[in-house]
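Take a look at the structure set out below.
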Amino acid sequence: MPSYQPPLRDMQFLLHEVFEVTQEFKAMPRHAEVDAETVNAVLEEAGKFASDVIFPLNISGDEEGCTLNRDTHEVTTPKGFKQAYAQYVEGGWASLSCDPDYGGQGLPFVVNQCLYEMLNSANQAWTMYPGLSHGAYEALHAHGTDAQKQLYLPKLTSGEWTGSMCLTEAHCGTDLGLLRTKAEPLPDGSYKLTGNKIFISAGEHDFTSNIVHLVLARLPDAPVGSKGISLFVVPKFLVNADGSLGERNPIFCGGLEHKMGIHGNATAQLNLDGAVGTMVGQPNKGLAAMFVMMNAARLGVGNQSLGLTEVAFQNALAYAKDRLQMRSLSGTKAKDKPADPIIVHPDVRRMLLTAKAYAEGGRALSTFCSVLIDKELHHPDEKVRKDSAELVALLTPIVKAFITDNGWTATTLSQQVYGGHGFIKEWGMEQFVRDARINMIYEGTNGIQALDLLGRKVLGNQGATLKKFGKLVGRLVEEEGVNEKMAEFINPIALLGEQMTKFTTEIGFKGMQNPDEVGAASVDYLRVAGHLVFGYLFARMAQVALREIAKGNADPFYLAKLQTARFYFAKLFPETATLMRTARAGSRVLMDTDAALA
């Protein structure tokens with residue numbers, strides 16, 4: 001059976017030593033009183049909830065799955081899921097970073113993201129229920145009318161109700177301009193929605209008395225394509241003016257998908273048969289409103305794979321220390337045993353260190369982005385808010401695609417450490433692999449994220465935002481460039497930073513001649529950019545570790561951090577050279593292949 005220990009020490013290292021979040025909070029009136037002791041206490045209790053309450057339900061939830069009653073259209077979640085959610089609500093976790101105006105605790109977003117990493121390690125399928133609620137909360141908070149906010153936000157904040165996002169239809173996934181769900185205006189200002197949605201995570205369940213669905217649909221006179229999409233809030237039960245529940249709204253679960261993983265989460269087919277909803281935001285501007293939820297979800301999906309990377313690594317490490325196979329190539333290590341533990345073998349260490357590096361790099365990136373979001377939302381300086389928002393926009397596709405690609409690699413390698421036992425259900429590793437696979441697909445496949453990064457976030461503004469990130473790299477290089485102990489971390493990012501300018505310009509010019517050139521290079525480009533970001537963050541982590549060691553701090557944590565950073569730069573970061581070469585191969589070898597793909 002697998003186990004899980006919340007990585008509190010690494011979280012505290014990032015929060016307090018690398019990013020110095022309490023100093024950042026002091027510049028934001030809303031968070032100025034949040035100190036390190038408060039943050040640590042919250043995360044310690046969050047870790048207990050994750051490891052003690054929902055982690056024990058992970059394997060059983062996967063085995064049992066969700067059940068649909070086709071007569072009532074109601075879904076029953078796995079045994080213990082509903083009760084765990086009640087504990088989650090009672091503990092106040094749903095409201096952790098929500099607006100105090102609606103009953104929230106108002107803690108920084110970065111604290112909430114640390115909570116969610118631990119929840120995802122413990123039980124991704126369960127965590128998706130409250131996770132989607134938080135996205136619905138964000139969308140309504142940003143674009144809802146005052147009446148919608150008063151009606152829905154207190155219940156979403158407390159966790160009394162949950163939310164979902166209803167985008168996908170059978171004939172359209174990423175290309176939402178093709179959607180057909182219709183919304184007809186009613187005399188009272190509401191709308192009647194008719195259509196079908198598929199792949200709706202947490203679209204139906206037994207956790208709460210009501211589910212607040214955010215639904216994309218078309219008005220009768222809507223323009224074709226993505227410019228004709230509006231957003232509507234469509235509750236499972238209609239809500240009376242006093243907040244009490246009214247009649248059952250005809251938005252019903254018609255089926256549950258049979259999936260490779262995340263069996264404990266209800267992936268629903270939803271049928272809208274004249275369901276009543278109210279518009280969120282402006283007519284035909286629904287995508288802009290929904291993007292608040294979609295971007296939150298993309299960061300959340302990266303967090304899901306981060307959680308799985310961490311728990312898979314922990315279990316593979318424990319197994320490698322215990323499993324005896326063969327003798328070390330350099331001589332017997334466990335003389336009192338018939339064979340050595342497999343952790344002595346170089347390739348086993350390669351697999352373990354790859355997973356560890358991807359976990360620690362992903363955690364650093366998630367934390368970095370979360371602090372930027374706190375600054376974007378709450379910093380009093382408009383320029384700081386604007387710069388933070390631009391960096392978050394640039395980094396969001398990297399969080400979603402790079403961390404989830406790495407998560408698939410890390411969980412698969414962790415499974416490999418087990419050998420044949422990794423393929424057997426009782427050890428739990430095969431579930432981590434299956435659950436990780438979806439994260440590369442939904443909320444915009446990783447190929448779509450790569451197009452978004454290169455086409456929109458980089459070339460769309462002639463690399464202006466990329467240059468802002470480059471200045472962060474340049475500042476660190478300037479600060480540590482003469483420090484010999486930092487050379488192995490600084491030199492690689494300094495070189496790649498210089499190469500990125502030429503690399504990006506070259507692809508941009510080729511793309512002006514033929515747009516397929518951007519599509520052909522984008523996936524490789526995103527991984528290069530991801531390594532630049534990880535490299536920058538690992539260099540910052542190494543900087544702190546070296547500083548502490550120089551002070552005489554004997555905590556082995558710092559030496560471990562340096563060893564992981566060295567492995568990352570020696571064995572993973574060099575992938576960038578190959579990626580830039582394959583990106584430069586151009587579109588012809590992909591597009592001039594009709595015979596090969598006939």
Side-chain angles (χ1 to χ4, degrees), residues 298 361 365 368-369 372 383 386-403 405-406 444-481 489-540 569 572-593:
R298 286 168 180 171
L365 176 53
F368 181 60
C369 285
L372 287 172
K383 185 178 186 305
K386 183 175 181 292
D387 288 345
S388 298
E390 287 183 10
L391 282 174
V392 170
L394 176 76
L395 295 172
T396 293
I398 297 175
V399 169
K400 197 281 176 182
F402 194 61
I403 293 180
D405 279 346
N406 294 343
T445 64
N446 287 0
I448 295 295
Q449 301 301 321
L451 282 172
D452 178 50
L453 174 68
L454 180 55
R456 184 178 295 126
K457 305 296 173 56
V458 174
L459 300 178
N461 63 5
Q462 290 76 50
T465 310
L466 182 65
K467 289 175 185 174
K468 287 187 177 182
F469 183 80
K471 287 181 180 178
L472 297 179
V473 176
R475 196 175 305 148
L476 183 63
V477 170
E478 185 176 345
E479 185 179 339
E480 295 286 359
F489 312 116
I490 290 295
N491 292 346
I493 61 171
L495 176 60
L496 184 58
E498 293 174 1
Q499 291 173 329
M500 279 294 284
T501 301
K502 181 181 178 182
F503 180 47
T504 304
T505 303
E506 183 180 326
I507 295 171
F509 275 125
K510 290 168 71 176
M512 290 172 64
Q513 306 298 318
N514 178 4
D516 278 340
E517 293 291 337
V518 174
S522 60
V523 170
D524 293 334
Y525 185 93
L526 185 142
R527 283 203 67 79
V528 175
H531 278 300
L532 178 63
V533 174
F534 265 35
Y536 166 73
L537 294 169
F538 264 114
R540 288 190 61 176
F569 277 107
L572 302 179
F573 189 87
E575 179 190 12
T576 54
T578 301
L579 290 166
M580 285 189 284
R581 181 167 183 173
T582 54
R584 287 181 164 119
S587 65
R588 183 174 174 273
V589 294
L590 295 174
M591 305 310 293
D592 188 13
T593 55

- Message: Checking Tyr525 against Met580 for the side-chain contact (heavy atoms from CB on, under 4.5 Å) test, could you report, in this order, the C-alpha distance in whole Å, the side-chain angles of both residues, the deciding distance, and whether it holds?
- Response: CA-CA 7 Å; Tyr525 185 93; Met580 285 189 284; over 6 Å; no
- Task: Please check if the distance between the ring centroids of Phe573 and Phe534 is under 6.0 Å.
- Result: no
- Taking atom CD of Glu575 and atom CG of Leu572, what is their separation to the nearest 0.5 Å? 8.0 Å
- Chi angles and distances behind the side-chain contact (heavy atoms from CB on, under 4.5 Å) call for Lys457, Thr465: CA-CA 7 Å; Lys457 305 296 173 56; Thr465 310; over 6 Å; no
- Query: Going by atom types only, do Asn406 and Arg527 share a side-chain donor-acceptor pair under 3.5 Å?
  - Reply: yes
- Item | Heavy-atom check, side chain of Leu476 versus side chain of Glu480, under 4.5 Å | yes
- Query: Could you give the distance from SG (Cys369) to CD1 (Ile398), rounded to the nearest 0.5 Å?
  - Reply: 8.5 Å
- Task: Mind telling me whether Phe569 and Phe489 have parallel, tilted or perpendicular rings, with 30° and 60° as the class edges?
- Result: tilted
- Item | Minimum heavy-atom distance Gly535-Ile493, with the two atoms named | C-CG2, 3.5 Å
- What pair of heavy atoms forms the shortest contact from Asn461 to Val458, and how long is it? OD1-O, 3.1 Å
- In Å and rounded to the nearest 0.5 Å, what is the CG to NZ distance from Leu453 to Lys400? 13.5 Å
- Does the side chain of Thr504 reach to within under 4.5 Å of the side chain of Leu459, using non-hydrogen atoms? yes
- For the residue pair Phe402 and Val533, establish whether any side-chain heavy-atom pair is separated by less than 4.5 Å. no
- Task: Show the numbers, then the answer: is there a side-chain contact (heavy atoms from CB on, under 4.5 Å) between Thr593 and Val589?
- Result: CA-CA 7 Å; Thr593 55; Val589 294; 5.9 Å; no
- Query: Can you name the closest pair of heavy atoms from Ala521 and Ala583 and give their distance?
  - Reply: CB-O, 3.9 Å
- Other residues, nucleotides, ligands: >12 heavy atoms within 6.0 Å of Lys510 NZ: yes
- Query: For the side chain of Lys468 and the backbone of Glu390, is there at least one donor-acceptor N/O pair under 3.5 Å apart?
  - Reply: no
- Task: For residues Ala520 and Ser587, report the shortest heavy-atom separation together with the two atoms involved.
- Result: CB-CA, 3.6 Å
- Query: In this structure, are over 12 heavy atoms from other groups packed under 6.0 Å from Glu479 atom CD?
  - Reply: yes
- Query: Measuring from Asp524:CG to Thr576:OG1, what's the distance to the nearest 0.5 Å?
  - Reply: 11.5 Å
- For Val523, side-chain contact (heavy atoms from CB on, under 4.5 Å) partners two or more places apart: Ala450
- Query: Does the Glu517 side chain pair with the main chain of Ile507, one donor and one acceptor, at a distance under 3.5 Å?
  - Reply: no
- Ring-ring centroid check Tyr536 Phe469, cutoff 6.0 Å: yes
- Over all heavy atoms of both residues, which pair between Asn446 and Ala401 is shortest? Give the atoms and the distance, please. ND2-O, 3.3 Å
- Measure the CZ-CD1 distance between Arg298 and Ile448 for me, rounded to the nearest 0.5 Å. 9.0 Å
- How close do Ile490 and Ala539 get, heavy atom to heavy atom, and via which atoms? CD1-CB, 4.5 Å
- Message: If I take atom CG from residue Leu532 and atom CG from residue Leu496, how far apart are they, to the nearest 0.5 angstrom?
- Response: 5.0 Å
- Message: Let's go through Phe368 and Leu395 carefully: what are the C-alpha distance in whole Å and the side-chain angles of both, what is the deciding distance for side-chain contact (heavy atoms from CB on, under 4.5 Å) to 0.1 Å, and is it a yes or a no?
- Response: CA-CA 10 Å; Phe368 181 60; Leu395 295 172; 3.7 Å; yes
